[in-house]
Amino acid sequence: MVLFFLIPLGVLAQKYTGKRAEWFVHDRFGMFIHWGLYSGAEGYWKGEKLRYGNDYAEWIQYRNRIAKEEYLKLTDRFDWDKINPEEWVILAKEAGMKYVTITAKHHDGFALWNSASNDYNIYEHSKPKRDIIKELSAACKKHGLKMGLYYSHWVDWEHPDGWDHTKEIYGIDQEAYDGYWQEKVIPQMRELLTQYEDIGMIWFDMWFHHSETVVSKEQLVQIKELIRELQPDCLINSRLGLSVEEDSDVDFRTLGDNQLGKNKLEYPWQTPATVAHSWGFHATENQWKSTSTLLRSLIGNVGLNGNFMLNIGPRANGEVPYEIETRLKAMGDWLKTNGEAIYGSGAFDLPNDQHDWGLMTYKLTGEGTHKTFLHLFNWPLNKKLKVSGIVDQPRKIYLLADKQKEPLNFDFNQAKITIALPDKPMNQYVAVVVMEFDDKPQIERGLAAELNAGGYSLDFNNTVSMNGETKIITPSRRGSIPRHINVDQPLTMRWNIFIDKPGDYFFDTSYSNQATGSNGQIMVTVGNDKLIHQTKPTGKTVGEANNRWVIDNFASNRMGHINFGKSGFYDVELKLMSDLEKKFKWQWLWLEPIN
Ligand code: JFZ
């Protein structure tokens with residue numbers, strides 16, 4: 001029991017050990033569908049564009065203050081004979097997605113199924129009568145995909161006692177809200193969990209902790225227990241509103257909309273994302289993400305043990321916008337060839353983004369082969385691919401797109417693998433190189449990666465140690481003032497690098513000195529070699545024209561050069577010391593081979 005006092009609760013709760021989410025963690029890539037009455041409005045109401053810059057078309061009823069009766073008339077715009085949920089499932093399958101999550105009930109409160117407990121539903125208002133959840137469920141079953149259901153539990157704009165934001169002004173009493181909960185939410189959840197066979201997940205959508213909302217913890221526990229009773233294997237996402245500290249029964253963490261992962265987590269997690277901006281169909285949507293951007297998001301999440309659920313917003317006739325369809329199909333083509341690097345894959349031990357050529361994923365196959373996948377976003381012009389930090393020799397390297405698995409020549413030297421690439425990638429978006437190992441490849445922790453074209457960029461990202469309570473100043477003024485530290489106390493930083501090819505290297509360092517003369521000293525030590533640099537004034541620069549945007553200049557200064565006599569690991573130590581009066585700001589160190 002003592003342990004509980006030593007380990008922060010959050011850490012315990014985040015360690016997820018359940019079996020329920022195994023399929024989810026394996027599958028990695030799913031489809032989100034936002035479709036409902038709002039799809040008929042297409043982001044406009046009586047000639048007026050959706051109010052609010054955030055442009056979420058599915059929010060039109062609330063934003064443009066549409067009365068329920070008028071909103072319901074949007075059913076007239078639907079092409080009931082054309083709508084075919086199976087087409088969405090087929091598209092998901094073509095895209096390489098393994099599960100589909102649809103808005104069974106979004107904030108507007110309109111149910112997409114034949115809901116016996118509440119007649120504000122599609123079955124009552126479509127001609128002929130349709131039950132979209134039933135049809136989608138059948139299509140998912142037919143095509144072998146899992147079905148998830150989005151259910152807006154907290155917000156409901158239809159029920160007089162449901163939550164909408166105006167209740168912040170007019171208030172709602174707990175008892176009335178519980179009336180909505182007991183007569184709409186609970187019965188509808190029961191319907192969804194009993195009428196449509198296996199439900200892969202219920203995707204709740206309350207992006208606040210319950211303590212900040214009208215919803216009580218008891219109400220959330222009631223839902224959770226109902227799910228566990230009726231469908232014990234159904235996953236529950238963290239937007240239920242219970243924190244994982246309170247309830248470890250929440251199966252996966254949902255990040256913010258379009259928010260990609262930053263850190264590796266041991267707990268299953270997912271990013272809900274859009275191809276453009278809005279979730280529901282929006283007639284004037286125009287910020288389409290490219291296929292390679294979307295692939296990069298998927299690969300980046302998988303490399304941090306995360307999932308990616310990408311949204312489609314079909315129209316009132318069921319059609320999926322061309323811009324979405326083409327991107328999804330292109331992703332599917334890529335996955336047909338490269339899916340092995342995604343499905344059943346996850347994070348490798350090295351930081352997934354440490355190399356400038358792209359990202360890494362990893363898997364242990366059923367046959368016991370360890371594979372690291374190198375995802376290249378740009379085919380290196382020198383036809384060489386450098387991998388830093390793996391200290392075991394691969395048994396084989398090849399392109400994932402190459403059916404013959406023709407081995408690529410490579411050179412292995414202690415902690416550096418240099419791969420000879422063919423002239424052209426076999427795939428136009430992201431090329432994947434596979435390295436196979438008999439055992440789990442060991443790594444040199446904290447090694448600063450070499451850039452693919454040569455050289456080492458040493459900064460706060462890849463330092464092994466840094467003393468003091470040095471505060472890193474984040475970029476400001478739109479990044480024109482870069483990330484740096486104020487050298488207001490003597491500071492020592494260290495990096496670990498591996499030199500593959502011995503020789504001379506230039507040492508450059510970037511800083512800002514606003515004094516008229518030298519205001520400090522920068523010293524680099526590598527073994528017995530030392531470089532000492534007295535800071536020089538760097539002056540000012542202008543960030544943006546005609547904006548009085550005058551900022552301190554950060555400039556690169558050559559410190560000198562050091563010879564690395566033989567191949568091997570080296571410690572690079574940096575000492576910074578400002579004069580007492582005027583202090584300088586420091587940014588980075590750059591090592592470049594002299595050819
Ligand atoms: C919610 C919904 O309001 C929206 O309509 C859509 O369904 C989306 C998937 O989820 O919107 C949110 C919820 C949470 C955040 C942002 C938008 N968030 O936490 O950043």
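Note that ligands are numbered from 1 as they come in the structure, with each ligand's atoms numbered from 1 the same way.
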Counting from 1 in the order shown, the ligand 1 atoms closer than 4.0 Å to a non-hydrogen atom of Y150 are 7 (O)

Have W549 and S480 got a donor and an acceptor in their side chains that come within less than 3.5 Å? yes

Is it true that the NZ or CZ of K98 lies under 6.0 Å from the centre of F29's six-membered ring and within 45 degrees of the ring axis? no

Protein residue, atom and distance nearest to atom 19 (O) of ligand 1, heavy-atom basis: W207 CB, 3.6 Å

For atom 13 (C) of ligand 1, the closest protein heavy atom turns out to be R239 NH1, 3.0 Å

Which residue and non-hydrogen atom of the protein lie closest to atom 15 (C) of ligand 1, and at what distance in Å? D257 OD1, 3.6 Å

Ion pair check, R20 and D249, cut-off under 4.0 Å: yes

Validate the cation-pi geometry between R296 and F377: distance from NZ or CZ to the six-membered ring centre under 6.0 Å, angle to the ring axis within 45°. yes

May I ask whether H107 has any heavy atom positioned less than 4.0 angstrom from an atom of ligand 1? yes

Here the atoms of ligand 1 under 4.0 Å from any heavy atom belonging to W59 are 2 (C), 3 (O), 4 (C), 5 (O)

For W59 together with H165, are the ring centres under 6.0 Å from each other? yes

Do R239 and F204 meet the cation-pi criteria used here (NZ or CZ under 6.0 Å from the six-membered ring centre, within 45° of the axis)? no

If you define the side chain from C-beta out and look only at heavy atoms, does anything of W113 sit under 4.5 Å from K134? no

How far is atom 4 (C) of ligand 1 from its nearest protein heavy atom, and which residue and atom is that? E58 OE2, 3.3 Å

H106 N/O under 3.5 Å from ligand 1 N/O: yes

For atom 7 (O) of ligand 1, the closest protein heavy atom turns out to be H34 NE2, 2.6 Å

So which protein heavy atom does atom 1 (C) of ligand 1 come closest to, and at what separation? D205 OD2, 3.0 Å

